[in-house]
Amino acid sequence: MRTKKQKFFLFLKLFLLVIVLGVVVLFFFRNSLLEEAISKIDHKLNQDYHCQFHVKSAQFHGLSDLEFEEITLVPQRADTLVSIKSLKTSVNFWQLFFGNIQLGKLEINKGFIQLVKNKNGRNFDAFLQHKKEDKTDNQINYASVAYRILSKTLNLVPTNMNVKGFAFKMDDMGNKVVFDFKQLELENKKLTSLITVKEDDFTQNWSLSGFADPRDRKADLTFLNPKKDSIRIPYLDKKFHLKTSFKTIHFNLDNLEMSSGDLHIDGYASINDFKINHAKIAKNDVAIKNARFDYKLVFSARCMAIDSTSQVTINAIKCSPYLSYTNDTAKIYALKLNIAKMKAQDFITSLPDGLFSHFKGMEAEGNFSYNLNFKFNKNHPDAIVFESKLQPENLKITKYGEADLNKLNAEFTYRAIDKGVEQRPIVVGLSNPNYTPLHDISPYLQKCVLTSEDPSFFNHRGFINEAFKQSIAKNIKTKKFSRGASTISMQLIKNVFLTRQKTLSRKLEEILLVYILENNHIASKERMLEVYFNIIEWGPNIYGIGEASHFYFQKRPADLTLKECMFLATIIPKPKGFMYRFDSENKLKAFANQQNSLLTRLMLRRNLINANDTMGQHLPLAISGPAQFFLKNKSAMKPEIDSTAVEDFGL
């Protein structure tokens with residue numbers, strides 16, 4: 001009768017014997033097994049991806065070294081996807097024995113990978129087809145999946161590598177780019193490379209170098225131009241009209257590990273002298289001298305997040321972000337931003353050049369801090385959380401930049417910009433005979449416009465958080481930008497100081513300028529509203545209420561009726577298309593009458609008008625001024641308004 005100890009040692013001997021026999025069998029039949037593996041790969045690629053995989057010769061040297069000659073991967077009726085003249089590598093035997101592929105060394109001599117798109121299609125389309133998975137998203141453990149993918153990827157990065165004459169090529173409908181790896185070497189955890197980039201008549205050398213340890217999962221790499229010039233990213237300009245360049249990029253991976261079921265990834269990335277140019281971002285180049293992202297990523301079973309201990313730095317601005325996606329009982333998106341107390345002047349001078357051109361030359365005193373809290377639950381889209389709070393501390397603007405907000409308090413000349421073209425000058429002041437002070441504008445018009453455009457204008461500080469929340473919720477539900485949250489303050493800043501360009505730059509400047517205008521009490525609410533009424537567009541080449549009341553009704557603004565005021569208020573979103581609100585008999589269409597009815601009910605409910613004010617509302621609206629010409633000739637004009645839409649006035 002054997003003891004437990006004897007049984008254990010017997011089992012251990014048998015286990016080692018099996019391993020030795022396995023190694024012997026593997027050694028003697030390794031080349032046959034390799035040929036069979038290549039045949040299976042060829043069959044699978046042919047069956048699943050309609051590609052021919054060919055290797056001229058493949059053999060083992062010893063137990064773990066492999067050598068391949070003339071490897072090709074060619075999709076059916078398409079350009080070659082992969083071609084390698086010579087490839088030598090080694091695999092970790094013990095990892096292979098347990099089912100893992102871990103490369104030890106890699107040598108590649110001449111070859112290429114090329115992605116081609118032409119009139120016949122793309123040579124990589126078959127690899128983009130998604131297969132249906134048996135598991136639903138609710139069954140995926142994000143931490144386990146991410147860790148498995150990253151581990152397998154890093155295992156495929158060799159500990160020693162020498163690549164020469166290998167190119168990555170792109171041909172997108174004749175837009176060709178070649179990344180030629182003249183040298184790519186990893187030895188003793190030190191990576192060096194020289195990459196020649198070619199696009200048409202443009203040629204530039206790049207270098208990626210530094211520390212890389214794929215087994216310990218750490219890296220510290222620098223990407224730059226050996227000549228110290230800026231690196232220009234090719235392809236993006238021709239494809240997306242996006243121009244980008246930078247001096248250096250530094251990437252650091254300090255930690256990648258599973259702990260208590262969570263995956264943690266820590267490190268940082270930085271970029272210097274970054275420039276970007278695109279029509280949707282700004283009119284000119286946007287430049288950032290220094291930017292850095294100290295990241296701490298956390299993957300749990302049901303959540304992926306950028307941890308709040310992460311930090312984004314742009315010049316002297318430091319921001320702590322928190323971004324998460326949770327998919328448990330509901331899909332929840334969350335975003336938090338925190339800017340700790342900093343000097344206002346440091347903030348202004350740290351703004352990216354070109355993104356805030358109207359702030360150039362601005363000077364400020366005092367400090368401020370900022371907090372943003374956003375949360376969206378897909379199961380409860382209307383219960384959105386949006387909290388934006390800026391805390392000033394002795395904050396004061398001592399000198400304005402290009403946008404001198406003080407000009408609102410004096411007479412000035414306004415020139416609207418329509419499709420990038422400056423329109424005729426409008427003097428905003430009493431020297432203009434059409435200028436109308438607020439007390440000479442019908443109270444009905446003031447109430448109608450405020451109700452439809454900005455009901456809480458006299459109470460808010462430029463922004464309405466609730467309106468932002470409703471706008472975000474609707475835009476997410478409709479999956480498009482179907483509703484804004486613009487206040488009269490924002491419209492005033494946009495019209496007087498900015499342009500109508502739909503760029504990121506303009507929107508960010510608008511937000512900051514509105515905050516300065518409202519919170520520094522630069523102009524009274526009454527003055528802001530008066531200027532607003534005298535500059536906004538009310539029709540084709542019609543600016544200000546003085547011109548509008550004559551154009552439509554041949555009246556002074558003080559004499560407008562409630563019905564006429566409702567008409568003027570409802571055409572503000574699309575004033576040039578006012579004529580399409582009327583039918584062939586020049587009567588308001590059903591959707592326009594519905595808008596008037598809704599506006600009337602809102603004003604009655606808020607006690608802005610009473611029943612006596614609505615007398616005569618059933619009578620037809622009479623257009624008696626020069627606007628009649630547009631009504632008579634609207635059939636020859638292009639409609640600018642959806643005749644089936646009913647505005648909800650942002651309420």
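Every value quoted in this text rests on a predicted model; they were computed, and no experiment measured them.
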Check: Between Phe359 and Phe347, does the ring centre distance come in under 6.0 Å?
Finding: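 Not close enough - the centres of the two rings lie 6.0 Å or further apart.
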
Item checked: Validation row, ring centre Phe293 to ring centre Tyr268 under 6.0 Å ->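 That pair fails the under 6.0 Å test.
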
When you compare the side chain of [Y] with that of [X], does any pair of heavy atoms fall below 4.5 Å?
| X | Y | value |
| --- | --- | --- |
| Gln391 | Lys389 | yes |
| Phe376 | Val385 | no |
| Ser320 | Ser308 | no |
| Ile233 | Phe246 | yes |
| Phe533 | Leu445 | yes |
| Gln423 | Ile417 | no |
| Tyr532 | Val449 | yes |

Check: Think Lys341 forms a cation-pi with Phe368, using NZ or CZ under 6.0 Å from the six-ring centre and within 45 degrees of its axis?
Finding: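 No - Lys341 does not lie over the ring of Phe368 by the 6.0 Å and 45° rule.
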
Minimum heavy-atom distance between [X] and [Y], given as atom pair plus value:
| X | Y | value |
| --- | --- | --- |
| Ala282 | Gly354 | CB-O, 3.6 Å |
| Val514 | Ser489 | CG2-O, 3.8 Å |
| Lys407 | Val496 | CE-CG1, 3.5 Å |
| Leu390 | Tyr515 | CD2-OH, 3.0 Å |
| Ile441 | Thr436 | CG1-CG2, 3.6 Å |
| Leu599 | Cys448 | CD1-O, 4.2 Å |

Supply the atom-to-atom distance [X] [atom1] to [Y] [atom2], rounded to the nearest 0.5 angstrom.
| X | Y | atom1 | atom2 | result |
| --- | --- | --- | --- | --- |
| Lys280 | Thr503 | NZ | OG1 | 9.0 Å |
| Glu518 | Met490 | CD | CE | 11.0 Å |
| Lys576 | Ile571 | NZ | CD1 | 12.5 Å |
| Ile545 | Leu568 | CD1 | CG | 5.0 Å |
| Asp307 | Leu297 | CG | CG | 9.0 Å |
| Ile339 | Met342 | CD1 | CE | 7.5 Å |

Notebook entry, point to check: What residues, two or more places apart in sequence or in another chain, satisfy salt bridge (Lys or Arg N to Asp or Glu O under 4.0 Å) together with Lys396?
Noted result: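 If we apply the salt bridge (Lys or Arg N to Asp or Glu O under 4.0 Å) test to Lys396, skipping adjacent residues, there are no hits.
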
Next item on the list: Taking salt bridge (Lys or Arg N to Asp or Glu O under 4.0 Å) as the test, write out the residues that go with Lys247, two or more places apart.
Entry: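 Checked Lys247 against salt bridge (Lys or Arg N to Asp or Glu O under 4.0 Å); matches are Asp273.
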
Scan side-chain atoms only and decide if [X] and [Y] contain a donor-acceptor pair under the 3.5 Å cut-off.
| X | Y | value |
| --- | --- | --- |
| Thr561 | Glu564 | yes |
| Ser388 | Tyr370 | yes |
| Glu530 | Tyr435 | yes |
| Asn371 | Asn338 | yes |
| His250 | Asn272 | no |

Quick one: does any side-chain atom of [X] pair with a main-chain N or O of [Y] as donor and acceptor, under 3.5 Å?
| X | Y | answer |
| --- | --- | --- |
| Lys525 | Phe457 | yes |
| Gln345 | Ala364 | yes |
| Asp583 | Lys587 | yes |
| His358 | Phe497 | yes |
| Asn409 | Ile522 | yes |
| Ser549 | Lys555 | yes |
| Asn432 | Gly429 | no |
| Asn495 | Gln491 | yes |
| Glu411 | Leu430 | yes |
| Thr398 | Glu363 | yes |

Check: Does any pair with a residue in residues 424-451 pass salt bridge (Lys or Arg N to Asp or Glu O under 4.0 Å), and if so which ones, sequence neighbours excluded?
Finding: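 Applying salt bridge (Lys or Arg N to Asp or Glu O under 4.0 Å) to every pair that reaches into residues 424-451, excluding sequence neighbours, yields Arg424-Glu547.
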
Is any NZ, NE, NH1 or NH2 atom of the basic residue among [X] and [Y] found under 4.0 Å from an Asp or Glu carboxylate oxygen of the other?
| X | Y | value |
| --- | --- | --- |
| Glu510 | Lys494 | no |
| Arg292 | Asp294 | yes |
| Arg556 | Asp559 | yes |
| Glu365 | Lys343 | no |
| Glu509 | Arg506 | no |

Check: Which is it for Asn367 and Asn394 under the side chain to side chain contact (heavy atoms under 4.5 Å, CB included) test, yes or no, and what are the steps along the way?
Finding: CA-CA 7 Å; Asn367 307 306; Asn394 302 319; over 6 Å; no

Checklist line | With Val531, the side chain to side chain contact (heavy atoms under 4.5 Å, CB included) member among Leu492, Ile536, Leu438 | finding: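 Single side chain to side chain contact (heavy atoms under 4.5 Å, CB included) partner of Val531 among Leu492, Ile536, Leu438: Leu492.
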
Next item on the list: Only one of Tyr580, Phe582, Phe578 passes side chain to side chain contact (heavy atoms under 4.5 Å, CB included) with Phe630; say which it is.
Entry: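 The side chain to side chain contact (heavy atoms under 4.5 Å, CB included) with Phe630 is passed solely by Phe578 among Tyr580, Phe582, Phe578.
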
Checklist line | Derivation of the side chain to side chain donor-acceptor pair (under 3.5 Å) call for His241 and Asn277 | finding: CA-CA 8 Å; His241 307 293; Asn277 184 298; over 6 Å; no

Checklist line | Test side chain to side chain contact (heavy atoms under 4.5 Å, CB included) applied to Ile493 and Leu498, step by step | finding: CA-CA 7 Å; Ile493 286 292; Leu498 306 176; 4.0 Å; yes

Notebook entry, point to check: Can you check side chain to side chain donor-acceptor pair (under 3.5 Å) on Tyr444 and Asp613, steps first, answer last?
Noted result: CA-CA 9 Å; Tyr444 285 143; Asp613 294 317; 2.6 Å; yes

Next item on the list: Dump the intermediate steps for side chain to side chain contact (heavy atoms under 4.5 Å, CB included) on Phe374 and Ile384, then the final yes or no.
Entry: CA-CA 8 Å; Phe374 169 79; Ile384 195 167; 3.4 Å; yes

Item checked: Candidates Phe629, Phe567, Trp538 - the one meeting ring-ring contact (aromatic ring centres under 6.0 Å, His included) with Tyr552 ->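 One option only clears the test, and that one is Phe567.
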
Next item on the list: Given side chain to side chain contact (heavy atoms under 4.5 Å, CB included), test Lys336 with Asn373 step by step and report yes or no.
Entry: CA-CA 5 Å; Lys336 293 182 180 181; Asn373 183 21; 3.4 Å; yes

